[in-house]
Amino acid sequence: MPELPEVEVVRRGLEKEIKATPFLLKFEFRRKDLRHPIPQEKLNQLHGQKIISVERRAKFLLFRLGSAGFISHLGMTGTWRVLENADEAQIGKHDHILIYLGKQSQDLEPKVLVYRDPRRFGIFDFWEGNVKNLPWGVDLAPEPLTDEFNEEYLFKQTRKSSRPIKSFIMDQAFVVGVGNIYASESLFLAGIRPTRRTRSLSQAECKMLTRKIKSVLEKAIAAGGSSISDFKTFYGTPGEFHLQHFVYGREGQACRKCNTVIKVKSLAGRSTFWCSRCQN
DNA sequence: CTAAATACCTGATGGC
DNA sequence: TGCCATCAGGTATTTA
């Protein structure tokens, strides 16, 4: 469940659980790697410490324990869920990481957070320093839900590129958190075709697009995210935002505003949905 | 063949 | 032209 709204929904679920049982008793790794190797020895040094907060930066989840902590990225198919105990019958072959949590640093009846990721495109890593200091030297762009991401910023950045606007807003170097679903949705709401070149966007269109990116992400968070395929929220219930999609996953169906048939085509390797009448 | 993401490779482009 | 840097698009990763 990987775009910003889904990650934020998971963060809120994790935060609630961790507040009740904040001590990291131990990690249990059932694989030594996901997308990258998992630095097990460094992570195990965190055993016994209290988790102070669960934060989100872009699509990353940051678990803070004092000055250090650990970081989780869900890739395409990563999910977190909680078990009341380590019941082996409830743990499957794609459950790669277990985190035992207790009310105190010694707790005989720990709860267990379980990370499942069939495709293993996710990341689990040690992390220290500040939020900007992510591993792999990733230079992340502004958060879309802050004032730093505004029409002036988007207008200025779009002058530097000649790519299709959809690829541009999905690029984590310009704005973070927008993936394939919310790129198509926000461009529909802004009335802009996904294939438009960035430099062709007017100042007014940049204003509209920044507003729609913010509003669609906020509405999706409020609805518990989009459940595509088998996505479940932290509590095992599906998100409901996909029921409100205007274009994503609706190819061949009637546009909800004008009844024109919604189109789909591949753009930079990703399925892209739009209404040829509502979007210019 | 499709899928919520992104790291890497390569060919294109542009500046000096 | 050439050399180097940057960009953008395609592909690989994996399982259901």
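Small disclaimer: the values here were computed from a predicted structure and weren't measured. Here is the naming used below: chain letters follow the sequence lines, and residue numbers restart at 1 for every chain.
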Task: N/O (side chain, A:Lys59) to phosphate O (OP1/OP2, B:dT6) under 4.0 Å - done: yes
Open item on the list: Check this one for me: any side-chain N or O of A:His73 less than 4.0 Å away from OP1 or OP2 of B:dT6?
Closed with: yes
Open item on the list: Show me, range against range, the stems involving DNA chain B, built from at least 3 consecutive Watson-Crick or G-U pairs below 3.5 Å.
Closed with: B:5-16 with C:2-13
Task: Under-4.0 Å salt bridge between A:Lys93 and A:Asp95 - done: no
Task: For A:Met170, the rest of its hydrophobic cluster, which grows through side-chain links under 4.5 angstrom - done: none
Open item on the list: Can you confirm whether or not the ring centre of A:Phe70 sits under 6.0 Å from the ring centre of A:Phe124?
Closed with: yes
- [ ] Assess whether atom CZ of A:Arg116 is packed by more than 12 heavy atoms of other residues, nucleotides or ligands within 6.0 Å.
- [x] yes
Task: Spacing of A:His36 atom NE2 relative to B:dA5 atom P, expressed in whole Å - done: 16 Å
- [ ] Kindly indicate whether the side chain of A:Phe121, heavy atoms from C-beta on, has any atom under 4.5 Å from the side chain of A:Leu74.
- [x] no
Task: Short side-chain donor-acceptor distance under 3.5 Å, A:Thr210 and A:Asn150 - done: no
Donor-acceptor pairs under 3.5 Å, side chain of residues 256-271 of chain A to any protein atom, not counting sequence neighbours: which ones?
| unit_1 | atom_1 | unit_2 | atom_2 | d |
| --- | --- | --- | --- | --- |
| A:Arg256 | NH1 | A:Leu243 | O | 3.4 |
| A:Arg256 | NH1 | A:His245 | O | 2.3 |

- [ ] Hey, could you give me each pair passing side chain to side chain donor-acceptor pair (under 3.5 Å) that has a residue in residues 152-167 of chain A? Not counting sequence neighbours.
- [x] A:Arg163-A:Asp171, A:Lys166-A:Asn180, A:Lys166-A:Thr272
Task: Among A:His73, A:Arg11, A:Glu55, the one residue meeting side-chain contact (heavy atoms from CB on, under 4.5 Å) with A:Phe60 - done: A:His73
Task: A:Trp80 versus A:Ser72, side-chain donor and acceptor atoms under 3.5 Å - done: yes
Open item on the list: Rounded to whole Å, how long is the line connecting atom CD of A:Gln172 with atom C1' of C:dA8?
Closed with: 16 Å
Quick test: give all pairs of protein nitrogen or oxygen and nucleotides 13-16 of chain B nitrogen or oxygen below 3.5 Å, distance rounded to 0.1 Å.
none

Task: Protein proximity profile, nucleotides 11-16 of chain C - base contact B, sugar-phosphate-only contact S, no contact -, cut-off 4.0 Å on heavy atoms - done: --BBBS
Task: Hydrophobic cluster (4.5 angstrom, side-chain heavy atoms) - remaining members for A:Leu83 - done: A:Phe23, A:Leu25, A:Ile91, A:Leu98, A:Tyr100, A:Val112, A:Val114
TODO: Using the test side-chain hydrogen bond (donor to acceptor under 3.5 Å, both in side chains), find all partners of A:Arg119 that sit at least two apart in sequence or belong to another chain.
DONE: none
Task: Carboxylate-amine/guanidinium contact A:Glu109 A:Lys103, below 4.0 Å - done: no
Open item on the list: Side-chain heavy atoms under 4.5 Å apart, restricted to Ile/Leu/Val/Met/Phe/Trp/Tyr: what other residues fall into the cluster of A:Phe155, or is it alone?
Closed with: none
Open item on the list: Which residues pass the side-chain hydrogen bond (donor to acceptor under 3.5 Å, both in side chains) test with A:Asp87, not counting sequence neighbours?
Closed with: A:Gln90
Give every pair of a protein N or O atom and an N or O atom of nucleotides 10-12 of chain B that lie under 3.5 Å apart, one pair per line with the distance.
none

Open item on the list: Under 4.0 Å, heavy atom to any atom of DNA chain C: which of residues 162-169 of chain A qualify?
Closed with: A:Ser162, A:Arg163, A:Pro164
